[in-house]
Amino acid sequence: MGNKISGKDFIKLGFPNNNSINIVLGQIHRYRKKENKQTILNEAKEVLLEPEKYIGHGIWGKVAEGLIKPVEIRLQQLKNTRSPFSIFGENEIDEEAKYQLYDALKLPIAVKGALMPDAHSGYGLPIGGVLATNNAVIPYGVGVDIGCRMSLSVFDLPANFLKGKSHQLVQILQDQTKFGMYETHKVKADHEIFDRTIFNEIPLLKSLKTKAYQQLGSSGGGNHFVEFGIIKLEEVKPEWNLIPGEYLAILSHSGSRGFGANIAKHYTYLATKQCPLPKHVQHLAWLDLNTHDGQEYWMAMNLAGEYAKACHDDIHRRIAKSLGKRIVFNIENHHNFAWKELVDGEERIVHRKGATPAGKGVLGIIPGSMTAPGYIVEGLGNELSINSASHGAGRKMSRAKCKSTITKSFMNAQIKDASIELIGGSVDESPFAYKDIKKVMSLQTELVKVLGTFSPKIVRMDK
DNA sequence: ATGTCC
C-alpha cells in the first residue's frame, strides 16, 4: 500500500465503482489531505458500513449520500420554452441582460422570473434579475457578495445638526470605517455569530472563521460606501418614534466580505461540477436543496447574510458611539440573496441578484448615487416582479469606460457642485456612471411606495 | 464583489 490515497483503496474497501469514488476522493483531497492514510480508510469503512449515521456530517455526509442514493452526473438540457416573466423599465435595460434572463428561464428548475428597471448584465443571472426556482439554488443567482445589503440608521437630530460639524463627521468616517481589501479594525468587536456551532460542522466555514472575525465591521471596495446624510421622512411608521421631518442618518452599503466571497466561490465550483450545463449558461449551475451540498450552501449562505448584517450593525454602532448619539431606528435589506417564499401559492426559491425585496409592507432602501437621493420604500407586493424592486439606479457606464473618459478633477468638480464631501471614491464610482434614479423610481411605482428620501452629505468609499 | 486560480 503506497502513501498516496487513490480510488483503488476505496474499491478494496468495498466502495461501489461509481461516482462514490469521486466523491470520497474529492472530500479527502479538500479536507483531510494531510492526514494519515490508514486513519482515513478506517473512517471510510465505517461510513460504508453505516452511511445513514453520517448524513449531515461535514466531511462524510456527502460520501454517505453518494452511497445511499447514487446520482449520475449528466448534462442538463434547457427547456424549449421560457417560464413566465415580467420586465420593468424595458427601454432602460440593455439587451444582454434580457438574454441572460431568457436563458435562466429555460432552466428545468426555473418557475418565474423578472427584471428590475436597473438591470444590467452580470455573471449568470443579470444584476437586477429575480428568478424563482423549484427546490434548487443557483450560487451565481445570489452572486459573489452574498448578503450584500443596505442599512440605514436614523438619529433624532435635526438636519441642521450637520452645520459646522462636517470636519468632525469626516473624522468619524475616517476613524470608524475600514475600506479596501486589507484594512480591518484594530480593536475587534466580538459577535454572537462566532459562537455558532455551524462553524465547526461545515469544514469550509471553519476555515473561514478567522477571516470573518478579522473583517467584521469593514466595508470592502467597489460600490460599497458609508455615508452621513439627511433623511427626509414624508411618512412615518409608529415604531420609528419620530414625526415626519428631516433628520441626520447613516447609510451603508456592503456585504459579507471575503467570508461570503469564498462561500460563493466554493459552492459555485461544486455546482458546476455536479450540474453541467451548456457552456453559455454554465454559470447558472444549481444545487438541489435535497442534497448534502445544497443543504450546506443554504446554511452557509444564510450565515453569510447574518454576517453581512453583523458588519453593518458594527459599523453603525461604532459611528453612533463616536458621535455620542443613540440610533432611533434602523431599516435594512439584503439585495443579493435567495429566500424561500410563496410564489403564486407554492413555496419557491426566490433569487434576488441586485434586487430589493418588496413584499407587501416590507421596508427597504434603494440608493441613488453620491449626488442623488436614495429612497426609503415600502413594498407593494406585486406578484409580477416576484415581490421585488430595483436595488439602485443601475450603471449606465462600465468601470472601464469611466476610467477612460472621466477624470478625477471632473468628478471632484461635480461632487463639489452638489455640496458633497467625498473621502476616497474612484472615477468608476462617479455619479455620472449611474442612471437617473428618479427615472428608475418612476418605472417601479407599481412595485414600491416611497416613504422618504436620503440625501448623502459626507461619503466614504474605497480609494 | 474578492488576497481578482480550482
Side-chain angles (χ1 to χ4, degrees), chain A residues 22-23 25-33 62 118-129 138-151 177-184 203-205 207-226 252-276 282-283 285 287 293 297 300-301 304-305 307-309 311-312 315 334-338 351-355 367 391-392 394-395 398-400 402-403 424-426 428-429 433-434 461-463:
Chain A
N22 284 330
I23 295 171
L25 288 173
Q27 291 300 84
I28 286 161
H29 179 74
R30 207 167 282 124
Y31 303 121
R32 305 289 293 271
K33 212 173 176 177
K62 186 169 174 173
D118 61 339
H120 50 101
S121 68
Y123 245 44
L125 261 195
I127 319 295
I138 303 168
Y140 259 132
V142 169
V144 178
D145 194 2
I146 299 171
C148 185
R149 64 193 342 248
M150 304 302 305
S151 179
T177 68
K178 300 292 170 190
F179 279 83
M181 213 113 74
Y182 310 98
E183 211 190 333
T184 59
L204 175 77
L205 299 185
S207 72
L208 297 172
K209 189 176 174 182
T210 305
K211 181 197 287 288
Y213 180 74
Q214 286 170 342
Q215 293 186 330
L216 184 76
S218 64
S219 295
N223 57 5
H224 290 174
F225 60 75
V226 180
S252 53
H253 173 216
S254 54
S256 50
R257 307 288 287 107
F259 182 59
N262 280 285
I263 292 169
K265 192 165 70 176
H266 178 80
Y267 291 98
T268 293
Y269 173 77
L270 295 181
T272 50
K273 283 290 165 204
Q274 61 195 250
C275 178
Q282 62 183 343
H283 290 122
L287 295 167
D293 290 338
Y297 176 75
M301 178 198 76
Y307 176 74
K309 171 175 163 49
C311 285
H312 282 267
I315 293 166
H334 292 325
H335 51 221
N336 284 8
F337 212 62
H351 303 71
R352 294 190 181 88
K353 187 184 186 186
H391 81 313
R395 290 194 85 90
S398 70
R399 292 183 181 279
C402 289
K403 281 182 182 129
S426 57
D428 35 322
E429 286 304 325
Y434 287 92
M461 301 189 86
D462 189 22
K463 287 185 199 70

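Computed from a predicted model, the values in this text were never measured in an experiment. Per chain, numbering begins at 1; letters A, B, ... match sequence-line order.
Side-chain N or O atoms of A:K403 include none that pairs as donor or acceptor with a backbone N or O of A:D428 at under 3.5 Å. Remark: the backbone N or O of A:L204 is not paired with any side-chain donor or acceptor of A:H266 at under 3.5 angstrom. For the pair A:H283 (side chain) and A:Y123 (backbone), a donor-acceptor distance under 3.5 Å is absent.
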Residues 253-262 of chain A, side-chain donor-acceptor partners within the protein, below 3.5 Å, at least two apart:
unit_1	atom_1	unit_2	atom_2	d
A:H253	ND1	A:N223	O	3.1
A:H253	NE2	A:H335	NE2	3.3
A:S254	OG	A:H312	NE2	3.3
A:S256	OG	A:I146	O	2.5
A:R257	NE	A:S218	OG	2.8
A:R257	NH2	A:G180	O	3.3
A:N262	ND2	A:G258	O	2.7

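Of the residues in residues 261-273 of chain A, those lying under 4.0 Å from DNA chain B by heavy-atom distance are A:A261, A:K265, A:Y269.
Computed from coordinates, the A:F179 CZ to B:dT2 P distance equals 10 Å when rounded to whole Å. One atom, OH of A:Y123, and another, P of B:dT4, lie 15 Å apart when rounded to the nearest Å. Atom CG of A:D145 and atom C1' of B:dT4 are 14 Å apart (whole Å). Rounded to an integer number of Å, the gap from A:R30 CZ to B:dC6 C1' is 9 Å.
Using a 4.0 Å heavy-atom criterion, one finds that A:Q215 contacts the sugar-phosphate atoms exclusively. Note on A:R399: only backbone sugar-phosphate atoms sit closer than 4.0 angstrom, heavy atoms only; bases stay farther off. Within 4.0 Å of A:G258, counting heavy atoms only, lie sugar-phosphate atoms of the nucleic acid but no base atom. Nucleic acid contact for A:G221: sugar-phosphate only, since backbone atoms but no base atoms lie under 4.0 Å from a heavy atom of the residue.
The shortest non-hydrogen separation linking A:P139 to A:T268 is CB-OG1, 3.4 Å.
Shown here are the salt bridge (charged side-chain N to carboxylate O under 4.0 Å, His left out) partners of A:D293, two or more places apart in sequence or in another chain: A:K62.
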